[in-house]
Structure formats: C-alpha cells, structure tokens
Amino acid sequence: MEGELESRKRNSLLYDDVAEVLITEEQIQQRIRELGAAITRDFAREEILIIAVLKGALLFLADLMRNIDLPLAVDFLAVSSYGAGTESSGVVRILKDLDDPIEDRHVLIVEDIVDSGRTLDYLLRMLRQRRPATLHVCTLLDKRERREIEVPIDYIGFEVPDAFVVGYGLDYAEYYRQLPFIGVLKPEIYE
Ligand code: IMP
Ligand code: MG
C-alpha cells in the first residue's frame with residue numbers, strides 16, 4: 001500500500017498531506033461486502049429504511065447499499081457536532097431533518113464514525129420518539145477509546161485508534177472526503 005501511496009503522492013496535492021493509511025481501499029470494500037451480507041441475512045426479506053447521516057456517511061452509504069439485497073429506501077439527516085477543528089463541541093444540531101415519517105418502519109442508521117457517542121445518542125433518542133418498528137445502527141468506524149456515552153451499535157466496520165482520521169467520507173475542515181482510504185494527516189496540516 002505504501003508503494004501505491006508514494007506513487008500517487010508524486011501527482012497529487014491531496015495525497016501529499018497524508019501521513020499514514022490506516023485502512024486501505026481494498027480492506028474497506030471487503031468489509032463492506034461482509035456488512036452487506038450480514039444485514040441482508042439479519043433482516044430476512046424485510047423492507048428497510050436506511051437513514052444516512054450526512055455528510056460523513058456519503059461514500060459508505062453508496063457502497064454499502066449496493067451490497068444489501070433487500071428492498072430499501074434511503075433518507076438523510078444532516079447533523080453538525082464539530083466546527084472546523086478536531087474536537088467535538090458536544091452540541092448536536094440538526095441541519096436537515098428526514099423527508100418522511102419512520103413510524104412502523106425497520107430503520108437502519110448509517111454513520112461514518114462513532115467517537116464520543118454524543119451524536120448517535122442524540123439521534124437514537126430523537127428517532128425512537130418517532131416509533132419505528134425497529135432501530136439499528138451500522139457505523140463504518142468505531143473510535144471506542146473515546147466513548148463518553150454508551151450507545152448500542154449493531155454493525156461495525158472497523159475499530160480505529162484515538163487519532164483524527166480522514167477519507168472515505170470523513171473530513172478535516174470539509175476537505176479530504178474523497179480519499180478512497182482512511183488515513184491520518186501530517187501533524188502540520190492540523191496547525
Ligand atoms: P461523536 O458525537 O463524538 O461520536 O462524533 C461523531 C461525529 O464526529 C462523526 O459522525 C464525525 O462526523 C465526527 N468525527 C468524529 N471523529 C472524527 C474523526 O476522526 N475524523 C473525522 N470526523 C470525526
Ligand atoms: Mg463530520
């Protein structure tokens with residue numbers, strides 16, 4: 001992987017900011033096939049409603065849904081819990097609510113990363129009040145060491161260490177979402 005990264009760095013402004021690749025594109029795609037198969041099996045022909053949390057879950061959603069063999073609909077929630085920095089403000093704001101009611105539906109929340117757990121805790125409370133038939137959670141990344149609030153997670157792609165990660169949908173100050181892997185930026189980028 002380091003070889004591929006090195007060769008892309010020579011031609012890319014963006015890749016040059018990456019200090020280390022934690023999870024490769026191939027590892028992500030392989031894990032998503034496994035998650036899609038597990039979800040397909042577990043929901044056993046039920047129709048599901050995927051609620052993707054914008055913007056970080058964008059790429060994960062696109063790949064995951066192509067690996068789920070069930071009738072499904074997609075709706076979006078946009079939330080904000082971070083400013084331009086790397087620390088949570090602890091305050092969750094709903095920037096865009098769902099288009100449709102979720103009452104009596106089998107809901108699967110798709111998240112990019114669970115860090116302190118504050119965002120997911122807030123969303124679970126909010127969505128439970130709307131009386132879905134079932135409510136499950138699938139996150140690509142779990143930064144478990146940083147958890148402040150216990151939250152139930154049904155499907156986890158990868159556990160990641162306590163470092164600020166970017167790529168595959170995750171941003172730093174809105175940049176780096178298009179990187180196809182999960183990586184860590186060079187320290188000077190965060191200064
Ligand atoms: P929590 O509320 O602390 O669990 O944080 C959840 C949200 O913070 C995620 O949905 C991400 O948008 C963002 N976030 C947390 N850790 C990272 C990271 O390492 N890189 C990029 N975004 C992160
Ligand atoms: Mg984010």
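When a ligand or atom number is given, it counts from 1 through the structure's own listing order.
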Does the N or O separation between [X] and ligand 1 drop below 3.5 Å for any pair?
X	value
D171	no
V165	yes
L170	no

Pull out every atom of ligand 1 sitting under 4.0 Å from any heavy atom of [X], numbered as shown with elements.
X	result
R118	2 (O), 4 (O)
K143	16 (N), 17 (C), 18 (C), 19 (O)
A163	19 (O)
S116	1 (P), 2 (O), 3 (O), 4 (O)
E111	10 (O)

Return yes when atom CG of D69 has more than 12 non-hydrogen atoms of other residues, nucleotides or ligands closer than 6.0 Å, and no otherwise.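 Atom CG in D69 is not packed in, count stays at 12 or less.
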Is a donor on one side and an acceptor on the other found under 3.5 Å between the side chain of [X] and the backbone of [Y]?
X	Y	result
D75	D99	yes
Y176	L185	no
K143	A163	yes
E46	F43	no

Quick one, L58 with R177, criterion side chain to side chain contact (heavy atoms under 4.5 Å, CB included). Give me CA distance, side-chain angles, the key distance, then yes/no. CA-CA 9 Å; L58 182 67; R177 293 191 198 276; 5.8 Å; no
From the candidates F164, Y122, Y172, the one that places a heavy atom nearest atom 18 (C) of ligand 1: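 Shortest heavy-atom distance from atom 18 (C) of ligand 1: F164.
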What do we get for [X] next to ligand 1 when only non-hydrogen atoms under 4.0 Å count, side chain, backbone, both or neither?
X	result
R146	neither
I113	both
V160	neither

Heavy-atom side-chain contact between L108 and H136 under 4.5 Å: yes
Against ligand 1, does G56 come closer than 4.0 Å with any heavy atom? no
Can you list everything that forms a side-chain contact (heavy atoms from CB on, under 4.5 Å) with P101? Sequence neighbours excluded, please. none
Using the salt bridge (Lys or Arg N to Asp or Glu O under 4.0 Å) rule, pick out the option among D121, D142, D162 that qualifies with R147. D142
